[in-house]
Amino acid sequence: MRNGAEILKLGTLTLVWWCIIFGAVWAACYIVGILIPMALTSYESDAARMTAETCRALTPILSVLVFIPINAMFMVLFERRGLAIFTVRLGPNRVGPDGYLQTAADAVKLLFKEDITPRGADAFMFTLAPIVFFAPSIFGAMPLLAAVTNYHELFQIANLPTGIFFILAASSVPVVGIVMGGWASNNKYSLVGGLRSAAQAISYEIPLVLSLVTVCLMAGTLDVVQIAKQQSGGILNWNIFGGGALRGLDQAISLKFSSSAPALQELSKSSFEQVLKSVYLEPTAQALGLGAGQEGLAGIIAAFAVVLLIGSIWIAYGLYMTGACAEINRIPFDLPEAESELVSGYNTEYSGIKFAIFFLAEFTNLFIVASIAAVMFFGGGDCPVPAWLGTALGGPQIASVINQALTPLIEIKLVDPPTLFATIWVILKVYSIVFFAVLIRGTLPRFRIDQLMDFGWKRLIPLSLIVFVLVVYAREFVNVHVGT
Amino acid sequence: MLALSLVTRAKDSLYQICRGLKTVAMHTFREPITQVYPDKMPDTNIRGRLALAVNPETSEHLCISCRQCERVCPDKCIEITAHKSPETNKLELIEFKIDHGLCMFCGLCAEVCPTSCIINTNDFEMSEYSREALVYDLRKLTLSQEESRYYFDRKEIPLPKPKPAKAAPAAAGAAKPAAAGKPEEAKSESEAKVADAKAADAKDAKEVKQADEPEKQTAAPEEKEETENKEGSDKSKD
Amino acid sequence: MDQFEMLKAWAETNVETTMFYFLATVAIPLAYGVILDKTIIRSGFILIGVFGSICGFFLLLQAQFLALAQLMIYAVGITLVIVIALMLTNPRMEKSQLSNATPANQLGAFMVAVGLFMTIYLSVRPENWTLSSEPLDTNNVEVLGRALTTDYSLPFEFASVLLLAALIGSVMLAKAEKPSKPGEDDYEYTVVEDGPIAGDPRQDREPAVSKR
C-alpha cells in the first residue's frame with residue numbers, strides 16, 4: 001500500500017461529495033415534498049391544498065434536477081481522480097481543498113464561455129441537439145427513482161407499469177441529439193462522429209435490450225419497483241444469482257441457523273432437506289413429468305438448471321454492460337468522440353453552455369446505466385447480507401440502535417429508515433459499477449469501427465438470443481422468485 | 001466445431017481482458033510517479049534551457065566562437081555572430097542568440113562544446129508572452145560566476161584552465177572583465193591550446209559575417225573536449 | 001371549497017382533449033414540414049418530431065407500451081436509419097437542383113392524395129368503431145401479448161415474413177462479391193487503346209498542359 005495516501009484522498013473526496021450531493025437532494029425533497037405541504041395543512045383553503053399537492057407531485061422531478069448537475073460534477077472528478085490512480089498519476093488537486101472544486105470551477109468556466117454557432121451551421125438544429133440529448137436522461141431516471149427509494153410515498157408517482165421499457169425508450173432518444181448535432185455543426189468530424197454514434201447505438205441497443213428482457217422474463221414484470229422488490233432478502237436473491245434460483249438454499253440455510261437449540265437440530269436437519277426438495281426437486285419433477293422413483297435424475301436436472309440460469313444471467317450482465325458502454329459512448333466504444341481520429345466527434349463545434357449540457361448528459365447517462373444495472377441485477381436497495389447471516393451478525397440490534405438514534409429525525413419525517421438504508425445501498429452499488437467503468441476506461445483500447453460492428457452483430461446479438469432461450473428453458477425447471 | 005472454437009476464443013479473450021483489468025487495478029497500489037510541480041520542484045537532473053558559462057574563477061567568458069554548437073544543432077536555433085579581431089587575428093564573439101522556441105533540448109550543443117561553455121541549466125520555467133521573447137541574446141544567456149560554478153560542480157566538468165594567465169603572450173586588447181554593458185568579451189585568446197582550430201578551419205574565418213553559411217557538416221564526428229584539446233594542440237593553427 | 005374539486009373534475013374531463021389538440025397542432029405542421037422542407041436531411045429530423053407526437057397520441061389513449069415502442073422503434077430507430085441513408089446517398093441536393101413539379105405532376109399528386117385520404121377516411125370513419133366504456137387494463141403488455149399470439153397471430157406471422165424478406169434482400173445486396181476467377185472477367189484487364197476516350201478527364205487536361 002505505497003499509494004495509501006492517494007487512495008485515502010479519493011475515499012474522503014467521494015464521501016464528502018456524496019454528502020454534498022445527497023444532502024442537497026435530501027434537503028430539496030424534504031423542503032418541497034414534506035415541509036411545505038405540512039406547513040400548508042394549517043390553512044384550510046383550496047389554494048393551499050392545491051399548492052401542497054403540486055409540491056408533492058413535483059418532488060421527483062425536482063430531486064432529479066437537483067441531483068443531475070451536482071452528481072455530474074462529482075462523477076467527472078471521481079473519474080479523473082480514479083483514472084489518475086490507475087495510471088499512476090495524481091490527478092486534479094489544485095482547485096479548492098485537494099482539488100474538490102475542480103469540476104465546479106470547470107462548470108462555472110463553461111457557463112461563462114461564449115456560445116458560438118459556426119458559420120453555415122443549421123442554427124435551430126444546432127441548439128436543439130443538446131436539448132434532445134439531455135432531456136431524456138431526466139425522464140429516464142424517473143421510474144428508477146421509485147425503485148431506489150424503496151417505493152417511498154413521495155416517489156410513487158414516478159413509477160410506471162412499463163418502467164424498464166420506459167427507461168430504455170428514453171435512453172434511446174439521445175442518439176438523435178448526437179446525429180442532429182453532428183449534422184447541424186457543418187463540420188466533417190462532427191458529421192462522421194454523429195453517423196458513427198447512430199450506427200453504434202442502433203447496433204448495440206439490441207443486445208442491451210435483449211439482456212434486460214431476459215431479466216424481465218425471469219422477473220415476469222416490466223415494473224422496476226416490483227423487480228427490485230422481488231430481489232429483497234440478501235445477495236442470494238439478486239437477479240445476478242439467478243433471480244431467486246438460490247432462494248430455496250437461502251431458506252434452507254436460514255432454517256438451519258434459526259434453530260440453535262440442540263433439541264431442534266435433528267428436526268431442522270430434516271426440514272433443511274425438505275425445503276431443498278420442495279423448492280428444487282418438485283418443480284423439476286413436475287415439469288418433466290417424472291415419477292416418484294426418479295428423484296436423483298430430477299436433482300441432477302434441477303442443479304444443472306440452476307447453474308445454467310446463473311451462468312446465463314452472468315452472461316446477460318456482461319452483455320448489458322457492453323451494450324450500455326456502447327450506448328453511452330464510453331471507452332472502449334467511444335468512437336463517436338474519438339479524439340485521435342475525429343477531434344472531438346459530434347461536439348467538436350460546441351462551446352459554452354451547450355457543450356456543458358452535452359457533458360452533463362454524458363455523465364448522467366453513465367449514472368443511469370449504472371443504476372439500471374444496480375436495480376435489475378444487483379437487487380436495487382437491498383442489503384447484500386442475507387437475513388440469517390444478518391441475524392447472526394447482530395443486524396437487528398444495529399438496526400434498532402440506528403432507529404433509536406434517528407427517532408427525532410423520523411418524527412419530523414426527515415428520515416424514513418427503509419428509504420435511507422435502500423438509498424445507501426443503491427449509492428454504494430451504483431458507484432461501484434461506475435468505478436468499474438472507470439477501470440475499464442483505464443484498461444481497454446478503442447475499437448475500430450468495423451470490429452465494433454462485427455462484434456455487435458456477429459457476436460453479441462446471437463449470444464444474447466442464446467442466453468434468452470437458455471433462460472426461458474432453465475426457468476421452467478427452477479422455481480424463480482418463489483414466494484413472491 | 002465452430003461453436004467450440006468460438007467458445008475457446010471468447011474464453012481466451014475474456015481471460016486477457018481480466019488480466020488487463022487486474023494489471024491496471026494493481027496500479028492502484030503504486031506510488032504516483034508524477035509530482036506536485038510548484039510545491040515540489042523536479043529533480044535537478046534535467047536538461048533545461050541553454051546558457052553560456054563563464055570561468056568560475058576568473059569570470060571570463062568561455063565561448064571561443066568555434067560555431068560547433070551552431071553546426072550540430074538539429075533545429076538550427078543557435079545563431080552566432082563573431083568577427084576576427086584585426087589586432088589579435090582571433091575570433092571575437094559579438095552576439096550569441098538561441099531561439100528557445102525552436103530548441104528541443106537535445107543537449108548536443110553542450111556535448112560538442114570544446115570549452116564547456118554552453119550548458120543545459122536546470123531552469124525550465126521560461127514562459128513568455130511572445131515568441132520573440134524566447135530568443136535569448138548573449139546577455140540573457142551568460143551566467144554569473146556563481147551560477148557557472150554551481151553548474152560546473154554539479155555536472156562535474158573539470159574547471160577550465162585559467163586562460164588569462166596564459167593569455168599574456170597574446171596580449172589581446174580585449175577587455176577581459178565583463179564590463180557593465182554586455183559581457184561580450186568572449187575572446188578566445190589562447191587558441192594555441194584550445195581547439196577552435198577545427199571550427200576556424202572549417203569556416204576559413206576571414207570575413208566578419210553573420211552565420212549564414214548554408215554548409216552543413218552534420219555528420220562531422222565530434223570528439224569530446226579533452227581529445228579535441230589534444231588534437232587541437234597537436235595541430236598548429238594556420 | 002370546491003375550487004379544487006372542480007379543477008380536478010375539469011382536469012379529468014378536459015385535459016385529454018386539450019392535450020389532443022395541442023399534440024395535433026404540433027403534429028400536423030411538422031408533418032407538412034417533412035414534405036415542404038427543401039433540406040432533405042432536415043425533413044428526416046422533422047419526421048422524428050412527427051413520430052414523437054404520435055407517441056404522445058398513444059400516451060393519451062393510455063397505450064403506454066405502444067407509445068414507448070413507437071418512440072423507440074419509429075422515432076429513433078427507423079428514422080435514424082432513414083437519416084443515415086439520406087446522408088450516405090444524397091449528400092448535396094441543394095434547393096436549385098430540386099426541379100419544380102409540372103402542373104400535370106401536381107394534379108396527379110393531388111389526385112393520389114385525395115384518393116388516399118378517402119380510402120383511409122372510409123376505413124377509419126367513426127361509424128366503424130364502437131366506443132367502449134370499460135376501463136383499460138393497466139397491464140397493457142400482457143393484453144397485447146395475448147392478442148398477438150392468439151387472435152392476431154396470422155397478421156403477426158405475415159409481418160415477420162415481410163421482415164424476413166427484407167432481411168434476405170438486404171443480405172443479398174450487401175453480400176460481398178466473389179473474387180473473380182482469372183479469365184472470367186477479361187474485360188477488366190483489356191488494355192485501353194491510345195487515343196481520346198469519351199468522358200476521360202485526362203482528355204480535357206492534356207491540351208491545357210501542352211499549351212502551357
Side-chain angles (χ1 to χ4, degrees), chain A residues 1-11 80-95 98-99 311 314-315 317-319 321-322 325 331-333 432-433 435-447 451 454-455 458-467 470, chain B residues 1-49 75 100-102 104-106 120-131 133-134:
Chain A
M1 288 295 270
R2 281 155 63 201
N3 198 17
E6 283 303 309
I7 298 171
L8 201 69
K9 273 181 194 168
L10 182 65
R80 287 178 67 183
R81 290 295 286 261
L83 266 184
I85 282 183
F86 290 138
T87 45
V88 206
R89 292 183 286 120
L90 281 166
N93 59 358
R94 307 300 302 176
V95 187
D98 200 38
W314 273 95
I315 297 173
Y317 176 63
L319 287 169
M321 283 315 281
T322 317
C325 274
I331 288 176
F333 302 102
S432 314
I433 297 167
F435 189 72
F436 183 67
V438 174
L439 177 62
I440 296 255
R441 177 170 179 169
T443 309
L444 295 182
R446 187 181 303 136
F447 272 91
Q451 290 171 340
D454 265 19
F455 188 58
K458 293 186 186 166
R459 306 278 184 268
L460 292 188
I461 292 177
L463 189 59
S464 55
L465 286 169
I466 291 171
V467 166
L470 283 183
Chain B
M1 209 54 206
L2 178 72
L4 198 68
S5 81
L6 269 182
V7 169
T8 331
R9 274 173 61 194
K11 205 185 69 195
D12 287 353
S13 35
L14 259 185
Y15 171 69
Q16 295 297 342
I17 288 174
C18 290
R19 257 185 64 188
L21 287 177
K22 190 189 145 206
T23 311
V24 175
M26 281 300 133
H27 282 188
T28 313
F29 307 111
R30 277 175 57 184
E31 211 174 348
I33 51 176
T34 52
Q35 289 163 337
V36 197
Y37 149 59
D39 300 348
K40 200 191 265 181
M41 291 305 275
D43 219 8
T44 50
N45 195 15
I46 58 164
R47 288 201 297 260
R49 76 170 174 90
D75 295 336
H100 274 107
L102 284 179
M104 63 181 190
F105 307 99
C106 60
N120 284 105
T121 59
N122 294 338
D123 183 19
F124 58 93
E125 295 163 311
M126 37 190 212
S127 25
E128 298 284 356
Y129 283 102
S130 70
R131 285 187 205 173
L134 282 174

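A note on names: the letters A, B, ... follow the listed sequences, proteins ahead of strands, and every chain is numbered from 1.
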Among B/Leu21, B/Ile17, B/Thr23, single out the residue with the greatest number of heavy-atom pairs under 4.5 Å to chain A.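 Top option by heavy-atom pairs under 4.5 Å: B/Leu21.
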
More than 12 heavy atoms from other groups under 6.0 Å of CZ on B/Phe105: yes

Please flag which part of B/Leu14 lies under 4.5 Å from any non-hydrogen atom of chain A: side chain, backbone, both or neither. neither

Under 4.5 Å from a heavy atom of chain A, the part of B/Arg9 involved: side chain

Judged by atom type as modelled, is there a donor-acceptor pair below 3.5 Å linking the side chain of [X] to the main-chain atoms of [Y]?
{"X": "A/Arg81", "Y": "A/Pro92", "answer": "yes"}
{"X": "A/Asn93", "Y": "A/Val95", "answer": "no"}
{"X": "B/Arg47", "Y": "B/Asn120", "answer": "no"}

Contact origin within A/Leu90 toward chain B - heavy atom pairs under 4.5 Å: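 Both parts, heavy atoms under 4.5 Å.
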
